Amino acid sequence: MSTTETPKATAGAENDDASGTAGTAESAGAPAVVTAARKADRGAIAIAAGLLLACAGLVGYGILNTQDEPKPRAVPTAEVTYEVQGEGTVEISYLSRNEDGDATVESGVELPWKKTVQVPLGKDPSVNIVLGPKGGRAGCTLAIQGEHVQRATAYGKFGRATCTGTLPAPTPTNESTN
């Protein structure tokens with residue numbers, strides 16, 4: 001009967017002896033399971049690394065892509081000085097470097113007031129003043145590139161004055177001469 005006991009001892013995975021031979025049947029099957037699990041983990045890691053590299057590549061492309069839209073050509077300008085003299089407060093509107101031709105408006109301005117700005121060529125610089133309900137007297141002047149162009153004076157309640165000038169149109173430049 002001793003021959004029938006030996007196969008049970010070696011075939012059974014639950015017995016443990018000092019020689020370390022017990023559990024060899026399960027141990028022989030266990031590396032195959034561990035190897036398959038490791039291969040699955042490596043595959044998942046490889047897929048995750050690939051996705052991470054793809055995302056990093058897209059982010060890098062977005063950051064390093066320097067082929068922006070071409071910048072609009074700078075519009076040539078001329079220096080214009082607006083000045084308002086008088087006493088009290090007024091509302092002043094004037095044209096500055098705004099290619100749309102929109103005016104800048106400043107309300108409740110204490111006089112005297114002076115501002116030098118760049119105005120695009122082809123736009124007519126102007127400064128408009130409006131006195132408040134208390135009235136008074138205020139005068140505007142306009143100078144283009146240091147030369148006096150016009151002067152006007154406003155009187156009385158809600159008095160108005162406008163100073164305008166003319167700037168030449170920009171000359172087209174041929175940038176594609178090779």
Side-chain angles (χ1 to χ4, degrees), residues 38 40-178:
R38 285 186 182 166
D41 287 344
R42 286 182 185 157
I45 289 172
I47 291 172
L51 289 173
L52 183 63
L53 284 173
C55 289
L58 290 173
V59 169
Y61 176 76
I63 292 171
L64 298 176
N65 184 9
T66 58
Q67 296 179 351
D68 294 335
E69 294 293 320
K71 295 181 181 179
R73 291 186 7 215
V75 176
T77 61
E79 183 178 273
V80 175
T81 301
Y82 303 117
E83 190 170 359
V84 179
Q85 297 288 329
E87 294 180 11
T89 59
V90 295
E91 179 178 280
I92 301 172
S93 60
Y94 60 93
L95 182 64
S96 63
R97 187 180 176 102
N98 182 335
E99 296 171 17
D100 295 333
D102 296 334
T104 301
V105 178
E106 295 184 20
S107 297
V109 177
E110 292 287 329
L111 299 180
W113 175 88
K114 183 177 183 178
K115 185 155 293 211
T116 301
V117 297
Q118 297 294 319
V119 176
L121 293 182
K123 302 290 182 183
D124 292 337
S126 66
V127 60
N128 304 303
I129 57 174
V130 179
L131 299 171
K134 294 182 181 178
R137 178 181 172 176
C140 63
T141 59
L142 174 75
I144 297 176
Q145 296 179 341
E147 288 189 40
H148 172 75
V149 176
Q150 189 176 23
R151 176 174 308 196
T153 304
Y155 298 95
K157 291 182 178 182
F158 302 105
R160 297 172 182 264
T162 301
C163 295
T164 60
T166 303
L167 292 177
T171 58
T173 59
N174 190 0
E175 295 178 6
S176 59
T177 57
N178 289 343

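Along the sequence shown, residues are numbered consecutively beginning with 1. Atom set for the values below is all heavy atoms of this structure, side chains included, hydrogens, waters and symmetry mates excluded. These numbers come from a predicted model, not from an experiment.
- The neighbour count for E106 CD, taken as heavy atoms of other residues, nucleotides or ligands under 6.0 Å away, is above 12.
- Residues A154 and G159 share a closest heavy-atom pair of CB-C, 3.7 Å.
- The stretch residues 105-140 participates, sequence neighbours left out, in these disulfide (SG to SG under 2.5 Å) pairs: C140-C163.
- Within the 4.5 Å cutoff, side-chain heavy atoms of I92 are placed close to those of V127.
- Here the OG1 atom belonging to T81 is positioned 11.5 Å from the NZ atom belonging to K115, to the nearest 0.5 angstrom.
- Between R160 and N128 there is no side-chain heavy-atom pair separated by less than 4.5 Å.
- At least one side-chain heavy atom of Y82 sits under 4.5 Å from a side-chain heavy atom of V80.
- Looking only at side-chain heavy atoms (C-beta outward), V119 and T77 stay at 4.5 Å or farther from each other.
- At a threshold of 4.5 Å between non-hydrogen side-chain atoms, the residues K134 and K157 do not count as touching.
- Among all heavy-atom pairs drawn from S96 and T104, the shortest one is OG-OG1, 3.6 Å.
- Here the CD atom belonging to Q145 is positioned 7.5 Å from the CD atom belonging to E79, to the nearest 0.5 angstrom.
- Among all heavy-atom pairs drawn from L167 and P125, the shortest one is CG-CD, 3.7 Å.
- To the nearest 0.5 Å, atoms OG1 (T162) and CG (L142) are separated by 11.0 Å.
- Side-chain contact between T164 and D124 is absent, with no heavy atoms from C-beta onward closer than 4.5 Å.
- Considering every non-hydrogen atom in both L121 and A78, the closest pair reads CD2-CB, 3.9 Å.
- Applying the ring pair (Phe, Tyr, Trp, His ring centres under 6.0 Å) test to residues at least two apart or on different chains, the pairs with a partner in residues 107-131 are Y94-W113.
- Atom-to-atom distance recorded for E87:CD and L131:CG is 11.5 Å, nearest 0.5 angstrom.
- Looking at heavy atoms from C-beta onward, S107 lies in side-chain contact with E91 at the 4.5 angstrom threshold.
- Residue pairs satisfying the ring pair (Phe, Tyr, Trp, His ring centres under 6.0 Å) criterion with at least one member in residues 124-152, sequence neighbours excluded, are absent.
- From I129, atom CD1 reaches atom CG of L111 across 7.5 Å, with rounding to the nearest 0.5 Å.
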